[in-house]
Student: 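Here it is, the structure, as structure tokens.
Just so we're on the same page: letters track the sequence lines, and every chain starts at 1.
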Amino acid sequence: MVKQFLMNLLLAFIWIALTGVLAYANFMFGFAIGFFLLWVMNLNESDRRYFTRVPKIISFFLYFLYEMIRANVQVAYDMITPRFFMQPGIVRYPMNARSDFEINLLSTVISLTPGTLILDVSEDRSVLYIHVMYLKDKDRFIQQIKEGFERRLLEIIR
Amino acid sequence: MTTILIGSLCTIGAIAILIAAIGILRMPDFYLRLSVTVKAATLGGGLLLLSAAFFFTGEVAVTTKALAIIFFLTLTAPVAAHLIGRAAYFIGTEQWKGTIRDDLAGKYDKETHELSSGNEENRKNQD
Amino acid sequence: MKSTILKTASIYLLPILLLFSIFILLRGHYFPGGGFVGGLIAAIAFVLHSFTHGTEATLKLLRIHPSALIPVGLALAAISMFAPMLNGQPVMTGLWFDQPVPVIGLIGSALFFDIGVYVVVIGVVLTILFTIAQYSG
Amino acid sequence: MELLLVILIGVLYATGIFMLLRRSMVKLLIGLILLGNGANLLIFLLGRITKGAPPVIDSAAKFFTDVYADPIPQALILTAIVISFGLQAFAIVLLKRVYVLINSDDLDDLNTPEEEDI
Amino acid sequence: MTDNTLILSVIIHLFTAIVLLALWRKTVAQRIISVVGSVVAMVIAIRLFTAVWDNGILTMQAAGWDAPFGITFVADVFSSTMVLLTSFSGIAVSIYSATGVARGRMLYGYFPILHLLLMGLNGAFLTGDIFNLYVWFEVIIIASFVLMTLGGRRAQIEGSVKYMAMNVLASTFFLTGIGILYGITGTLNMADLSLKIAALENRKLVDIVSIFFIVGFGIKSAVFPLYFWLPSSYHTPPSAVAAIFGGLLTKVGIYALFRVFTLIFIPDEFLRTLLVVLAIFTILTGSFGAVIKNNIRRVFSYLIVCHIGFMVGGLGMYSEIAITGALFYLIHDMMVKTNIFLIAGLIRKLRGTMNMDKLGGLYAEYPLLSLVVALVLFSLVGIPPLSGFWPKIYLFEAGFMDAQYPLLVAIIIGSFVTLYVIAKLWAKVFWKNQPTLPAEENYTDEFKPMSAFRKSLLVVPIVFLMAIALYIGLAAENVALVAKHIARDMKDMTPYIEAVLGTNVSP
Amino acid sequence: MTLSTYIDYVILPILAIALVLVFIRLIKGPNIVDRVIALDLLITIGVSVITVYSISTSESTFIDVAMILALIAFLGTIAFSFYLEKRGRK
Amino acid sequence: MLIAVLAGLFVSVLLIPLGRLFKGRLAVLISLLPTSLFAYFASFIPTIANGEAISFHYPWVPSLGVDFHFRLDGLSLLFSLLITGIGSLVFLYASSYLKGHRYLDRFYAYLSLFMASMLGLVLADNVLLLFIFWELTSISSFFLIGFNNEDANSRKSSLTALAVTGGGGFLLMAGLILMGHLSGTYAIQEMLNASSFLKAHPWYPAILALIFAGAFTKSAQFPFHFWLPGAMKAPTPISAYLHSATMVKAGVYLLARLYPILGGTEYWTYPLIVVGGITMFYGAFHSIFRTDLKSILAYSTISALGILVFLIGIGTEQALLAAAVFILVHALYKASLFLTTGVLDHETGTREITQLGGLRKVLLPLAIAGLLAALSSAGLPFTFGFIGKDQIYEATLHTEGIMPIVLTSLAVITNILLLYAGLLVGLKPFAGKLPERYQAVHLPHWLMWTPPLLLALMGIAFGAFPALIDASLLNPAATAMINETFDSPLKLWHGFNLVLLLSGITLALGALLYLMRKPSSKSMASIERFNYLAPQYIFGKLARAVRRFAARYTRTLHNGFLRVYLFRIIMFAVLLLGFRLFTGGPIQWIPAHLSPISVYEVAVLGILIAAIFLTVNTSSRLTAVVATSVIGYCICLLFVFYSAPDLAMTQFTIDTLTVVLFVLVLFRLPPFLNLANRRDRIRDWLLASSFGAIIALITIQAMNQPFDDAVSKFYGENAYVLAKGKNVVNVILVDFRGIDTMFEVVVLSIAAIGVVSLLKLKLKASEKE
Ligand code: NA
Ligand code: NA
């Protein structure tokens with residue numbers, strides 16, 4: 001998988017060298033072409049994780065963006081309207097994520113969406129404590145995160 | 001065309017930041033302020049940087065830098081928020097009266113500042 | 001500080017900041033930056049590391065004590081400052097190689113001077129901060 | 001704009017001096033920092049300010065073709081900043097020592113009677 | 001004509017310091033390197049002085065940029081004399097420190113910082129750029145600041161807080177002055193400034209700027225009412241350090257005052273009067289303090305203040321003869337003040353105290369040494385024909401010429417108090433029998449059990465500086481010629497300006 | 001209306017208002033942690049201001065400054081947290 | 001002649017290493033020094049008597065007009081012979097008197113130095129050279145008086161002597177320099193030409209006042225006389241030397257030497273007559289109340305010095321001749337009496353006049369010496385003293401107006417008292433019955449009794465045959481003072497005239513007084529009751545008052561509070577700057593070229609200023625740190641706005657690091673206390689804000705100046721072309737002004753070392769320095 005990614009990068013750089021245009025758009029274009037070529041070349045290979053993962057990353061990114069904007073708007077509305085309708089609380093969230101990298105990524109993602117904020121990770125790295133702004137139902141919130149961010153994230157990483 | 005794109009990105013970004021600013025001023029307790037500001041500001045800053053990335057497309061290095069800054073902001077802001085939030089909890093910063101739940105209560109070891117996961121208690125409860 | 005998140009983050013941040021500091025150092029002659037700011041950023045990278053991993057761990061990572069960097073950097077800066085004297089030129093006169101090097105541009109005594117400054121600044125900042133940290137801890 | 005900066009400089013000097021006259025050593029240090037900032041801004045302002053034209057020559061050009069900010073005050077201030085950082089660092093640690101000695105940062109407590117001379 | 005040799009006296013100390021830093025915690029090697037470095041520095045300083053004396057002003061345009069674009073270093077007779085004297089003090093202190101300073105301090109950078117301090121002094125004397133002078137001043141401040149705290153005893157800490165606060169304030173004044181100066185002239189080169197300031201029409205502004213320099217340098221040189229840091233701090237550090245401080249630190253302030261107020265600002269009536277009035281109060285303040293203090297170093301500290309007044313007074317009178325006197329005094333003072341603090345340290349080694357009431361019997365126990373000390377002390381007093389006597393002739397003459405009677409009276413009072421205080425010190429410390437002290441204050445003579453070599457490390461520097469002081473006194477003609485030469489230079493800076501700017505400046 | 005004037009007269013004033021609002025929080029506190037996050041936010045807005053200013057003046061060099069701010073700003077927050085935690089443990 | 005002068009100096013220097021050799025028997029050998037010098041100077045007598053003078057010139061410090069410029073004329077010859085002659089006897093005497101003394105070598109070293117200084121003083125033909133030796137006599141006498149340095153009184157006396165003579169010395173120096181400055185030379189012979197110019201100059205009185213101050217202190221004139229009795233703490237040979245022939249005569253010598261230049265005016269005459277007159281009476285009067293032999297001698301010496309000053313004041317030919325004679329007379333009998341006293345002290349262990357008597361039976365040669373000296377001091381016919389007294393009366397009688405009556409009667413009274421004192425010292429111890437306890441007293445080594453005897457005999461010899469010294473010595477001396485030749489041979493017999501009558505009255509009354517009055521400690525106590533009026537007491541009180549004032553002054557100014565010091569420094573700056581700002585021309589309020597104001601700049605500025613006040617007013621340290629960093633960051637924004645990216649970067653990183661530093665250090669510090677009361681705060685605010693306002697105004701003034709951007713332009717044009725860099729700030733930092741950067745880095749390095757040492761170094765208790 002790493003090999004394929006490096007190969008893809010190499011192809012992108014060769015593309016730049018060939019066209020002689022050192023610009024972002026050109027790099028992206030080269031990368032896409034490389035990706036396509038590699039995808040075609042590796043159709044028969046057994047390890048095709050690289051080619052499923054890239055679209056997943058993109059889709060996760062888009063999901064994250066959507067969540068962020070949605071939540072931001074929600075918070076923004078609350079902020080500029082005179083009355084607060086939030087119900088904050090600190091929630092104990094048992095994770096599936098285990099490695100440091102996974103925990104970090106998960107917490108970053110959770111923190112960056114408005115309304116939620118990681119306060120700490122337990123010493124044994126099994127539990128996240130999350131500050132939540134709009135906590136209607138604790139279990140439903142945990143369910144949301146589990147199904148939303150954590151599942152998608154672990155799919156990409158593992 | 002690009003100008004309009006840049007202009008609108010800027011506008012959204014600036015508004016996000018303004019909201020963050022209003023948030024930090026209006027929110028009733030520390031945790032809420034923290035929660036609001038970290039992301040709104042990151043979003044706003046990110047958008048403004050993105051518009052810079054578009055504006056300086058002619059200079060690759062500048063675009064790279066703008067993207068790098070976005071990357072850095074998103075990487076560091078949650079970490080900083082987590083740390084200061086945690087510290088605030090230690091020094092007993094009060095929560096808003098409307099707060100409905102605190103799972104952290106009693107989970108910190110007073111001496112070592114170790115945070116328990118609460119699993120032991122759960123197990124005990126199950127037994 | 002016992003924070004898994006910070007600990008993990010600092011592992012990524014250390015090389016990024018160091019890389020960035022070298023970048024700032026090398027381009028100083030053409031764009032904002034230079035040895036001084038570069039050195040400060042590098043030092044901050046290590047300081048960050050020490051916040052999470054403890055001073056001892058950072059010292060181990062550095063291998064040599066930062067205070068040893070001070071004479072090294074001073075010597076480097078001083079030599080590139082006084083080297084022109086051997087040519088009979090006044091001190092601080094820029095000596096330049098003819099051929100430019102990619103990214104950095106022309107290489108000359110000014111660059112070595114800047115590198116000397118960079119090293120001294122790292123040594124100084126880390127020496128100060130680590131000494132305080134050890135003293136307080 | 002210059003007039004506002006002048007006011008700022010005056011405020012920095014005034015408050016710096018005021019802090020210098022306190023008994024607390026922390027305030028003393030802050031006073032020195034304020035004064036340092038005031039002096040830097042004064043140099044900066046007296047080198048005449050220029051907006052949006054840093055003294056960096058365009059990558060395509062060999063020298064400036066347009067107006068540019070005077071680089072000399074900038075270099076001077078840079079040096080001054082660095083020097084005051086060195087002094088501040090040392091002074092802050094000195095503050096620590098003072099605190100260890102007298103268990104307070106009240107400078108009046110630091111005074112030792114002359115009889116204790118060696 | 002650009003000449004690299006004049007920066008050698010800076011380089012030698014820098015490289016010595018770097019080597020010393022590399023030899024961190026190796027105290028034996030440090031002692032040797034330090035002495036070697038100081039000796040080389042002295043040789044360089046002597047060569048520089050003779051070169052300047054024989055061939056006139058030397059300049060070096062750093063980085064090869066013509067003045068006023070780069071930083072210029074200038075060695076005229078004034079600066080090369082100061083460098084020479086610094087090298088004498090430096091070598092004496094370096095040797096003395098080998099046994100005079102506790103090993104603990106050497107383990108934590110005593111020697112490298114000592115050399116960096118000497119480097120800073122030389123740099124300050126040689127630079128021809130006003131901002132660069134500021135940088136050198138900062139090197140001096142931070143180095144002296146560290147040397148003062150090195151060891152961390154309570155009195156040291158107290159002294160250095162005060163020292164720090166007032167000296168940083170002085171730097172702020174200096175820096176502010178530089179800022180305004182740049183704002184109105186656009187240059188930092190002192191020779192260039194000289195021309196530009198002279199051509200400036202707004203004299204009021206020039207006067208105002210010069211006040212910043214008066215306050216800044218006035219604090220550094222411990223002029224009334226800006227002197228407070230000196231008696232607050234000079235009695236606290238190890239004597240070797242106090243020697244450098246006493247001999248050189250305030251003098252660099254004096255150097256700067258003379259340099260700036262003869263080259264850049266030519267003082268008008270108001271400033272001259274101001275300087276004279278300050279000088280009078282400085283002398284009296286120093287005198288009063290010296291009279292009542294009982295600790296040798298505190299007495300010496302106030303005497304420094306007192307004698308600073310002599311020099312500032314000389315500048316205030318501003319005639320060639322007055323400046324000659326002040327410069328002669330400066331030369332004498334640098335050598336003698338360094339020495340008396342070394343002597344105070346030696347006394348401490350002998351008796352464990354510097355309190356005059358607790359001292360005594362030194363003449364009976366160490367007669368030869370006492371005679372050496374006596375010579376130094378009488379040089380300080382200016383018992384004719386010893387070194388302190390000659391400059392007073394100039395100052396008196398100048399005082400009469402300029403009708404500065406109050407200043408004359410002050411100088412007489414100052415001289416008289418110095419005489420009285422030193423005689424009292426001699427009677428109490430050397431003549432009087434050692435008083436019996438309470439058991440807990442019993443001292444051990446650290447000097448007696450030392451090997452002859454270690455003893456000589458303490459005594460040789462004192463004798464060396466005494467010999468120089470004797471030379472100043474007995475061969476006063478030579479010193480007078482130097483002082484006169486400098487004073488004449490100051491009265492007409494055209495050669496200096498032409499040497500720096502490389503152009504013909506017709507007045 | 002050019003981009004530059006738009007930024008100068010619309011975006012930068014908005015950001016300036018944001019700065020002022022955040023600063024009011026910094027003054028009000030009430031806790032030190034409130035001030036610390038206000039400071040952190042000020043810096044983030046500062047990054048934005050610099051970015052926008054560099055667009056307005058077409059001077060890409062300012063982006064470098066913004067980058068440095070973004071890179072090391074959080075060190076201050078970490079230091080304060082470090083301090084508060086240590087003090088809390090006393 | 002230089003060698004002659006400096007010989008004593010060489011000997012004293014040689015004695016430092018070789019002193020051990022000369023502690024015992026060999027000590028006598030050192031006397032070769034004065035004796036050979038005496039012979040040397042004696043060889044000049046014929047030449048000088050011929051009216052010639054011998055000059056010697058060797059350059060030393062020509063820049064200052066100070067050269068080794070010596071001149072031997074009548075006056076200096078007389079003094080040289082006294083110095084070396086009496087010196088020889090004192091040297092010999094001391095070798096026995098102080099035999100076996102631990103510090104005999106030191107003693108001779110001081111004495112040789114002193115003799116050399118004295119010789120230099122009288123031979124110098126340059127006022128500054130004279131002054132140099134003058135001060136050397138002060139300092140060497142300091143050592144001589146304090147010779148018994150383990151005795152507190154001895155130390156105190158030497159300090160007093162040095163303080164008085166040294167203080168006078170500085171005034172003298174001022175006077176001499178003023179004189180030299182006006183006449184354009186320091187050479188005495190050349191000054192003679194400027195005499196009339198000097199006397200007409202408005203500064204003439206000032207010159208005289210300063211020179212008199214020197215002379216009076218040195219020659220123990222009232223009210224500066226009090227150091228002299230104290231100086232008796234020195235061993236007797238020293239007293240003999242200092243007070244008969246040398247030290248105290250220096251002032252007299254100076255007056256005599258300067259008489260031809262400055263003398264003869266009213267300003268000269270009246271002060272000298274008044275002071276001399278008071279001194280001669282005061283000293284003589286006091287001497288009769290003392291019971292300690294040396295004390296009596298001390299006060300009679302003061303009186304004699306008064307007489308000399310008095311005579312020089314009168315300034316007529318007779319008076320000056322009388323002075324010359326009396327210098328010699330007094331030297332001979334006073335030295336003799338001192339040395340006699342020394343033997344008495346040495347042999348009996350006391351100098352108390354009330355306890356001594358009848359010693360002629362055991363110390364016959366001494367008794368003769370004492371008697372002869374006493375007779376000489378009494379002015380009995382056929383003694384030299386008789387001639388001296390005659391000359392004095394001649395002098396006083398030949399003044400003008402009512403002066404003869406007043407002055408002569410003063411002289412007569414003084415002489416009566418002096419006669420009494422002389423008899424007390426020279427006769428009383430030897431007359432009457434020998435007390436039991438002194439039966440065992442025996443004659444000391446001959447070196448101790450021959451010198452006084454010899455001196456006394458000379459007094460008789462010169463009295464009987466004045467021709468021996470008249471033309472050869474005394475006339476040339478007087479001539480030198482008058483500066484014109486005159487011929488007035490000394491006569492024993494003037495015929496029956498008023499002078500003789502007065503001499504008779506003096507003798508009769510003096511002898512009567514001696515017979516009637518018995519000295520007792522009671523009389524001493526009676527005069528001590530008036531001590532509070534004595535100059536010594538008043539000076540002491542004054543000195544204590546000065547000390548008290550000094551202590552008060554120093555403690556008030558240097559009171560230990562840093563903030564007070566800072567306040568004063570800033571106050572000083574505010575006053576000076578304010579004064580200069582608001583005088584001499586208008587203040588311009590608006591700079592010429594201003595850039596437009598925009599919202600964001602104002603916002604940043606507003607935040608900045610608010611942050612500054614938050615920093616100042618907060619009671620929490622952490623808030624202060626936060627606010628300080630806001631200040632830093634806002635300045636960083638300003639740097640960006642005004643095109644200084646490098647500055648912004650640096651300011652920002654450094655501010656962040658400073659925060660880290662503060663935070664690391666601030667652990668466990670208690671919150672700020674408001675330690676100042678309202679009044680102090682208001683006062684501080686007033687000062688601080690006036691300083692800020694002044695700075696702001698000055699900045700505006702400076703901004704009105706047109707800016708000269710030549711250097712800046714040069715950098716812009718050449719940064720890339722010549723220095724190969726495009727970031728001009730960086731090019732300045734590493735090239736144009738790279739030296740600054742190099743040493744700013746050194747500053748940082750030192751700070752780091754300082755931090756390490758400050759935190760880690762813990763000195764052991766044994767490590768004191
Ligand atoms: Na969230
Ligand atoms: Na730079």
Side-chain angles (χ1 to χ4, degrees), chain F residues 7-24 26-27 29 31-36 38-40 42-43 45-46 49-54 56-57 59-69 71-84 86-87 90, chain G residues 596 598-611 613-615 617-618 620-630 632-634 636-637 639-669 726-727 729:
Chain F
I7 286 174
D8 281 355
Y9 292 102
V10 179
I11 306 291
L12 278 172
I14 292 177
L15 293 178
I17 292 166
L19 277 177
V20 172
L21 294 179
V22 176
F23 185 71
I24 293 172
L26 192 140
I27 289 180
N31 273 317
I32 184 66
V33 280
D34 295 296
R35 297 199 163 105
V36 173
L39 180 66
D40 192 70
L42 273 181
I43 296 172
I45 302 177
V49 170
I50 295 172
T51 311
V52 174
Y53 188 74
S54 84
S56 151
T57 57
E59 275 293 344
S60 59
T61 39
F62 294 133
I63 296 282
D64 296 333
V65 184
M67 181 154 67
I68 290 194
L69 256 70
L71 269 172
I72 58 179
F74 79 126
L75 188 77
T77 312
I78 290 178
F80 277 111
S81 320
F82 183 79
Y83 166 81
L84 291 169
K86 265 208 163 174
R87 196 178 66 167
K90 174 179 64 176
Chain G
S598 50
V599 180
Y600 51 92
E601 288 168 303
V602 175
V604 170
L605 232 93
I607 291 172
L608 232 170
I609 288 173
F613 284 103
L614 178 63
T615 312
N617 289 321
T618 181
S620 145
R621 282 201 177 80
L622 278 183
T623 307
V625 174
V626 171
T628 315
S629 49
V630 173
Y633 298 151
C634 286
C636 163
L637 277 183
F639 284 148
V640 171
F641 295 153
Y642 305 122
S643 323
D646 281 282
L647 266 185
M649 284 177 178
T650 315
Q651 172 93 27
F652 184 79
T653 34
I654 283 197
D655 260 35
T656 308
L657 274 172
T658 308
V659 168
V660 173
L661 264 175
F662 257 119
V663 160
L664 277 175
V665 164
L666 285 183
F667 278 115
R668 299 187 182 93
L669 253 63
K726 290 197 165 174
N727 177 4
V729 174

Student: Taking the side chain as C-beta and beyond, is there a heavy-atom pair between F:L15 and G:Y600 under 4.5 Å?
Tutor: no
Student: Check G:V663 against F:A79 and note the closest heavy-atom contact, atom names and distance.
Tutor: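 Distance-wise, the nearest heavy atoms are CG1-O, 3.3 Å.
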Student: Rounded to the nearest 0.5 Å, what separation is found between the OG atom of G:S643 and the CZ atom of F:F62?
Tutor: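 The distance works out to 5.0 Å.
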Student: Measure from the side-chain N and O atoms of F:Y83 to the backbone N and O of G:L664, and report whether any donor-acceptor pair falls under 3.5 Å.
Tutor: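 Pair absent, no side-chain N/O of F:Y83 close to backbone of G:L664.
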Student: Does any non-hydrogen side-chain atom of G:V640 lie less than 4.5 Å from one of F:Y53?
Tutor: yes
Student: Counting only non-hydrogen atoms closer than 4.5 Å, does F:I43 touch chain G with its backbone (N, CA, C, O), its side chain (CB onward), both, or neither?
Tutor: side chain
Student: What part of G:F641 is in contact with chain F, defined as an atom under 4.5 angstrom from a non-hydrogen atom: side chain, backbone, both or neither?
Tutor: both
Student: Measure the CG-CD1 distance between F:L19 and G:I607 for me, rounded to the nearest 0.5 Å.
Tutor: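 That separation rounds to 4.5 Å.
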Student: Counting only heavy atoms closer than 4.5 Å, note whether F:V65 contacts chain G via side chain, backbone, both or neither.
Tutor: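 Both parts, heavy atoms under 4.5 Å.
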Student: Nearest heavy-atom pair of F:G76 and G:T656: which atoms, and what distance?
Tutor: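 The answer is N-CG2, 4.0 Å.
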Student: How many angstroms lie between CG in F:L12 and CD in G:E601, if you round to the nearest 0.5 Å?
Tutor: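 Answer rounded to 0.5 Å: 9.5 Å.
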Student: So which heavy atom on G:T623 is nearest to which on F:R35, and how close?
Tutor: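 For G:T623 versus F:R35, the nearest heavy atoms are OG1-NH1, 2.8 Å.
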Student: Can you tell which part of G:C634 gets under 4.5 Å to a heavy atom of chain F, answering side chain, backbone, both or neither?
Tutor: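 For G:C634, there is no contact with chain F at all, as no heavy atom is under 4.5 Å.
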Student: For a 4.5 angstrom cut-off between non-hydrogen side-chain atoms, does F:L42 reach G:Y633?
Tutor: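 Heavy-atom side-chain distance check fails, nothing below 4.5 Å.
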Student: Rounded to the nearest 0.5 Å, how far apart are OG of G:S620 and CD1 of F:I32?
Tutor: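 G:S620 OG to F:I32 CD1: 5.0 Å, rounded to 0.5 Å.
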Student: If you look at every heavy atom in G:V625 and F:F80, which pair is closest and at what distance?
Tutor: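 In terms of heavy atoms, the two residues are closest at CG1-CZ, 4.0 Å.
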Student: Between F:L26, F:T61, F:I24, who has the most heavy-atom pairs with chain G when the cutoff is under 4.5 Å?
Tutor: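 Sorted descending by pairs with chain G, the first entry is F:L26.
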Student: Which bit of F:A38 is near chain G, if near means a heavy-atom gap under 4.5 Å: side chain, backbone, both or neither?
Tutor: neither
Student: If you compare all heavy atoms of G:A610 against all heavy atoms of F:I27, which two are closest, and at what distance to 0.1 Å?
Tutor: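 Closest pair (atom of G:A610, atom of F:I27, distance): CB-CD1, 4.3 Å.
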Student: Does the pair F:L39 and G:S629 meet the rule for a side chain to side chain contact (heavy atoms under 4.5 Å, CB included), with working shown?
Tutor: CA-CA 8 Å; F:L39 180 66; G:S629 49; 3.5 Å; yes
Student: Locate the shortest heavy-atom distance separating F:G46 from G:L637; write the atom from each residue and the value.
Tutor: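 Residues F:G46 and G:L637, closest heavy atoms: O-CD2, 4.1 Å.
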Student: Look up atom CZ in F:F23 and atom CG in G:L614, then write down how far apart they are to the nearest 0.5 Å.
Tutor: 6.0 Å
Student: Please classify the contact of G:V604 with chain F as side chain, backbone, both or neither, using a heavy-atom distance under 4.5 Å.
Tutor: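 Just the side chain, heavy atoms under 4.5 Å.
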Student: For chain F, which of G:D655, G:L622, G:V630, G:V660 has the most heavy-atom pairs under 4.5 Å?
Tutor: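 Heavy-atom pair counts peak at G:L622.
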